[in-house]
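None of these values were measured; they are calculated from a predicted model. What you see below is based on every heavy atom in this structure, not just the backbone, and it leaves out hydrogens, waters and symmetry mates.
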Amino acid sequence: MKLMIFLAAFGLCLPAAAQTSLKCPELKPKTRSLKTIRMQPQRRGKLWLEGLPRNTNAVACDLYGMKTEEAEYDGKNLVLKHSYVYIEKEEARTFCERLKSEEKLSTTFSGEAQSSMDDFCRKYKKKDFGVVQVFDASPSQARESSRRPVRQIFRLYSKAGFTAAEHAFDPALSLESVTLYTYDKGNNLTEMAVNDFDGRQLRRETWAWNKAAAARTHSVFGETNQLRKKTVFELREDGTLRREVRSTYDSGEQPVSRSEVYCDAKGRPEKELVYDADAAEPKYEYTYEYKYDPKGNWTEERRNRIILFNGNRMKGSQYAPEITKREFLYY
């Protein structure tokens, strides 16, 4: 139960850009679509107005919280649009059988013309898997090309129904990457490892839960398994997020920066202290302001910079606030 409360708080404090590639943000009530708009603030006298949209991310979601469409805008101009089609269970097996029936081998005894996707289908044909087809529906793409997937992700499932591995293939049906997922006995995600087509590590992420301290740690490692980022989430007794400590490291695992985010009673950020490397005193501070919709989800966030000098806090009026707006359509 505490873990579920934590995940809800985690979603509240997590930046939109950090969401997983196929999943929509976890929000209540269920969201049909979400548009996140980064504004370009304009100053009028001593006030900062929201200005015009700088860039926008828009996602459409199904009832299971999976993306069905995603679009990126530069200002008001649509620059990228993807649509997602999900094929599961028997339909996925039929998809593989169709691949096999369309094979065109160079000889009767050579497998040279067989694609990596064919190999996957033969190897895992008796396993439980699904297929995600990603289509490029961007304005720059011709109608014909938008009908062909630019990426296809085969997801293998564990006995408990969780994603155990993701095999991603390019338009030529060649393997791009393999993502492996590891869970504990309670089916909580503990590790995600992303490897290239040849098995070399591209990125690895781990999650560790400290029940005694009511804290969870998320670590990100690079290609050579060096620590690059670490985030510690500290919870209150009721399970809501109290504080989030984010640290970044260089290629030698030396500290580069650290920020401490303090959240309100509902787990939303209200103050952030930013430090250089392992400095004892913060160099500046951010405060957060929100507007909400009737469902309790924020529709506007203002991140204001505060200058810290000789123990004094001075609002940096010369610095534009970071303004983010969100538009929801619920089920």
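Here OG of Ser21 is found 11.5 Å from NE2 of His82. Values are rounded to the nearest 0.5 Å. In this structure, the separation between CG on Leu175 and CG on Asp196 is 8.5 Å, given to the nearest 0.5 Å. Residue Asp74 holds its CG atom at 12.0 Å from CG of Leu80, rounded to the nearest 0.5 Å. In this structure, CD on Gln201 lies 10.5 Å from CG on Leu180, to the nearest 0.5 angstrom. Between the OG1 atom of Thr240 and the CG atom of Leu235 there is a distance of 7.5 Å, given to the nearest 0.5 Å. Here the CG-CE distance, from Leu49 to Met39, works out to 10.5 Å after rounding to the nearest 0.5 Å.
Put simply, the side chain of Arg122 never gets that close to the backbone of Tyr124: no donor and acceptor are under 3.5 Å apart. Between the side chain of Thr68 and the backbone N or O of Ala60, at least one donor-acceptor pair lies under 3.5 Å. Checked by atom type and distance alone, the side chain of Glu253 pairs as donor or acceptor with a backbone atom of Leu227 at under 3.5 Å. With hydrogens and angles disregarded, no donor-acceptor distance shorter than 3.5 Å links the side chain of Arg326 to the backbone of Leu34. Of the possible donor and acceptor atoms, none in the side chain of Asp276 sits under 3.5 Å from a partner among the backbone N and O of Ala279. Lys230 places no side-chain N or O within 3.5 Å of a backbone atom of Thr217 that could act as its donor or acceptor partner. Between the Arg93 side chain and the Cys121 main chain, no donor and acceptor come within less than 3.5 Å of each other. The backbone N or O of Lys81 lies less than 3.5 Å from a partner atom in the side chain of Ser138, making a donor-acceptor pair.
For Phe129 and His167, the ring centers are positioned 6.0 Å apart or more. The aromatic ring centres of Tyr286 and Tyr284 sit less than 6.0 Å apart. Here the two rings, on Tyr183 and Phe162, have centers that are under 6.0 Å apart.
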* So Arg243 and Val245, side chain to side chain contact (heavy atoms under 4.5 Å, CB included) or not? Walk me through it. -> CA-CA 7 Å; Arg243 187 174 74 143; Val245 182; 3.7 Å; yes
* Asked: Would Lys67 and Lys23 satisfy side chain to side chain contact (heavy atoms under 4.5 Å, CB included), going step by step from the backbone distance to the final call?
  -> CA-CA 6 Å; Lys67 292 179 183 177; Lys23 289 185 178 180; over 6 Å; no
* To do: Run the numbers on Trp48 and Asn304 for side chain to side chain contact (heavy atoms under 4.5 Å, CB included), then give the verdict.
  => CA-CA 11 Å; Trp48 283 101; Asn304 306 296; over 6 Å; no
* To do: Could you give me the CA-CA distance, side-chain angles and deciding distance for Tyr86 and Met66, then say whether side chain to side chain contact (heavy atoms under 4.5 Å, CB included) is met?
  => CA-CA 9 Å; Tyr86 298 85; Met66 305 299 290; 3.5 Å; yes
* Asked: Passes salt bridge (charged side-chain N to carboxylate O under 4.0 Å, His left out), Lys325 versus Glu327? Steps please.
  -> CA-CA 7 Å; Lys325 304 189 76 174; Glu327 298 177 3; over 6 Å; no
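Hydrophobic clustering, with ILVMFWY side chains joined whenever heavy atoms are under 4.5 angstrom apart, groups Leu241 together with Trp209. Hydrophobic clustering (side-chain heavy atoms under 4.5 Å, transitive across Ile, Leu, Val, Met, Phe, Trp, Tyr) groups Ile87 together with Leu99. Hydrophobic clustering of Ile, Leu, Val, Met, Phe, Trp and Tyr side chains at less than 4.5 Å, counting indirect connections, unites Tyr64 with Ile153. Put simply, Phe169 and Phe197 are part of the same group of oily side chains (I, L, V, M, F, W, Y) that touch within less than 4.5 Å, one to the next.
Ion pair Glu270/Arg268 not flagged as a salt bridge, since none of the NZ, NE, NH1 or NH2 atoms sits closer than 4.0 Å to an Asp/Glu carboxylate oxygen. Ionic pairing of Arg246 and Glu244 is present here: one or more N-O contacts between side-chain nitrogen and carboxylate oxygen are shorter than 4.0 angstrom. The pair Arg302-Glu300 meets the salt-bridge criterion, with a side-chain N (NZ, NE, NH1 or NH2) lying under 4.0 Å from an Asp/Glu carboxylate O. A salt bridge links Asp198 to Arg200: one of the charged nitrogens lies within less than 4.0 Å of a carboxylate oxygen. A salt bridge between Arg155 and Glu88 is present, with a side-chain N of the basic residue lying under 4.0 Å from a carboxylate O of the acidic one.
Tested against Leu273 for a side chain to side chain contact (heavy atoms under 4.5 Å, CB included), the candidates Lys283, Glu285, Glu281 yield a single pass: Glu285. The side chain to side chain contact (heavy atoms under 4.5 Å, CB included) test with Gln152 singles out one residue from Val132, Leu173, Val134, and that residue is Leu173.
Side-chain contact between Leu156 and Phe120 is present, with at least one heavy-atom pair separated by less than 4.5 Å. Between Pro29 and Lys295, the closest side-chain pair of non-hydrogen atoms falls below 4.5 Å.
A side-chain donor from one of Asn297 and Tyr330 sits under 3.5 Å from a side-chain acceptor of the other. Side-chain contact, Asp119 with Ser116: no donor N or O sits under 3.5 Å from an acceptor N or O. Residues Thr182 and Thr190 have side chains that never bring a donor and an acceptor to within less than 3.5 angstrom of each other. A donor-acceptor pair shorter than 3.5 Å can be found between the side chains of Thr324 and Arg38. Glu72 and Asn55 share no donor-acceptor pair across their side chains, judged by distance under 3.5 Å alone. For the residue pair Tyr249/Gln226, the side-chain donor-acceptor check at 3.5 Å is not satisfied.
For Phe328 against Asp293, the heavy-atom pair with the smallest separation is CD1-OD2, 3.7 Å. Contact between Ala277 and Arg258 at its shortest, heavy atoms only, is O-NH1, 3.8 Å. When all heavy atoms of Ala164 and Ser158 are compared, the pair lying nearest together is CB-N, 4.1 Å. Of all the heavy atoms in Ile37 and Pro53, the pair that sits closest is CG2-CB, 3.7 Å. For the residue pair Tyr73 and Ala58, the shortest heavy atom distance occurs at CE1-CB, 4.4 Å. When every heavy atom of Gly75 is checked against every heavy atom of Thr56, the shortest pair comes out as O-OG1, 4.4 Å.
The side-chain tip of Lys30 does not point at the ring of Tyr331 from less than 6.0 angstrom away and within 45° of straight on.
Between Tyr288 and Tyr290, the ring-plane angle classifies as parallel under the 30° and 60° cut-offs. Below 30°, between 30° and 60°, or above 60°: for Phe95 and Phe154 the angle between ring planes is between 30° and 60°, a tilted geometry.
Residue pairs meeting the salt bridge (Lys or Arg N to Asp or Glu O under 4.0 Å) criterion with at least one partner in residues 157-174, sequence neighbours excluded, do not occur; the list is empty.
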